[in-house]
Amino acid sequence: MSPTKPSNNYQRIYATVRRVPEGKVATYGQIAVLADLPGHARQVGYALNALNDDTVPWHRIINAQGRVSQRSEPGWDGYQRSRLEAEGIVFSDRGVIDLKRFRWQG
DNA sequence: AGCCTGACTCGGA
DNA sequence: CTCCGAGCCAGGC
């Protein structure tokens, strides 16, 4: 068995993100843990950034504060929020999601 | 090979 | 509530 396989981690992250059901959200750290990569929350965000696949619901991934992370390119944060609201996710005035309510329990 | 950056998170001030 | 520093890994130059 190979001890470590970098590219394999990305596939595991994508597979985990695909498990997130509609109307629910997950944090980067949560995805990392579910993908069997605890502590690699950054890699999750990085993997999604490099992602170019519509089959992965990357818009359901937010930070641990329940807020949509600001992307490199402006405008996409608004797109992500719109997608989530379309699925029933509710944002507060500050743009914060109630994780207790919408967090996906893997 | 080395250095810098980035969709993160946590604890402390 | 906000701000700062440290730890983490992958990719580009």
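First the proteins, then the strands, lettered A, B, ... as listed; each starts at 1. Model, not experiment: these values are computed from the prediction.
One interatomic measurement links the two molecules: CD of Gln65(A) to P of dC3(C), which rounds to 11 Å at whole-angstrom precision. As rounded to whole Å, 16 Å separates atom C1' of dC9(C) from atom CD of Gln11(A). Spacing between atom CG of Asn9(A) and atom P of dG11(C) amounts to 10 Å, rounded to whole angstrom units.
Proximity of residues 83-104 of chain A to DNA chain B (heavy atom under 4.0 angstrom from any strand atom) is not detected for any residue. A heavy-atom distance below 4.0 Å to DNA chain B is reached by these residues of residues 13-37 of chain A, ordered by number: Thr27(A), Tyr28(A), Gly29(A). Of the residues in residues 40-51 of chain A, those placing a heavy atom less than 4.0 Å from an atom of DNA chain B are Ala41(A), Arg42(A), Gly45(A), Tyr46(A), Leu48(A), Asn49(A), in numerical order. Non-hydrogen atoms lying under 4.0 Å from DNA chain B are contributed by Trp58(A), Asn63(A), Ala64(A), all within residues 57-64 of chain A.
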For this session: Please assess Trp58(A) against Asn49(A) for the test side chain to side chain contact (heavy atoms under 4.5 Å, CB included), listing each intermediate value before the final yes or no.
Result: CA-CA 9 Å; Trp58(A) 56 269; Asn49(A) 177 38; over 6 Å; no

Exercise. What's the verdict on side chain to side chain contact (heavy atoms under 4.5 Å, CB included) for Leu99(A) and Val25(A), showing C-alpha distance, side-chain angles and the deciding distance?
Worked result: CA-CA 8 Å; Leu99(A) 289 177; Val25(A) 296; 4.1 Å; yes

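Here Arg71(A) contributes atom CZ and Asp77(A) contributes atom CG; the two are 9.5 Å apart, rounded to the nearest 0.5 Å. The distance from atom CZ of Phe102(A) to atom CD1 of Ile97(A), rounded to the nearest 0.5 Å, is 8.0 Å. Here the CG atom belonging to Asn63(A) is positioned 6.5 Å from the OH atom belonging to Tyr28(A), to the nearest 0.5 angstrom.
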Could you list the donor-acceptor pairs under 3.5 angstrom formed between side-chain atoms of residues 30-48 of chain A and any protein atom two or more places apart in sequence or on another chain?
residue	atom	partner	partner atom	Å
Gln30(A)	OE1	Thr27(A)	N	3.4
Gln30(A)	OE1	Arg103(A)	NE	3.2
Gln30(A)	NE2	Trp104(A)	O	2.4
His40(A)	ND1	Leu37(A)	O	3.3

Validation: residues 80-88 of chain A side-chain donor-acceptor distances under 3.5 Å, sequence neighbours left out:
residue	atom	partner	partner atom	Å
Gln80(A)	NE2	His59(A)	O	2.9
Gln80(A)	NE2	Ile61(A)	O	3.0
Arg81(A)	NE	Glu85(A)	OE2	3.3
Ser82(A)	OG	Gly78(A)	O	2.9
Arg83(A)	NH1	Tyr79(A)	OH	3.2
Glu87(A)	OE1	Gly23(A)	N	3.3
Glu87(A)	OE1	Arg60(A)	NE	2.9
Glu87(A)	OE2	His59(A)	NE2	3.1
Glu87(A)	OE2	Arg60(A)	NE	3.3
Glu87(A)	OE2	Arg60(A)	NH2	2.9

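Within the 3.5 Å criterion, the main-chain N or O of Gln105(A) finds no donor-acceptor partner in the side chain of Lys24(A).
No more than 12 heavy atoms of other residues, nucleotides or ligands shown are found within 6.0 angstrom of CG on Asp54(A).
Phe91(A) places none of its side-chain heavy atoms less than 4.5 Å from the side chain of Val96(A). Taking 4.5 Å as the limit, some side-chain heavy atom of Pro57(A) sits within range of a side-chain heavy atom of Val17(A).
Across all non-hydrogen atoms, the minimal contact from Arg101(A) to Val90(A) is NH2-CG2, 4.2 Å.
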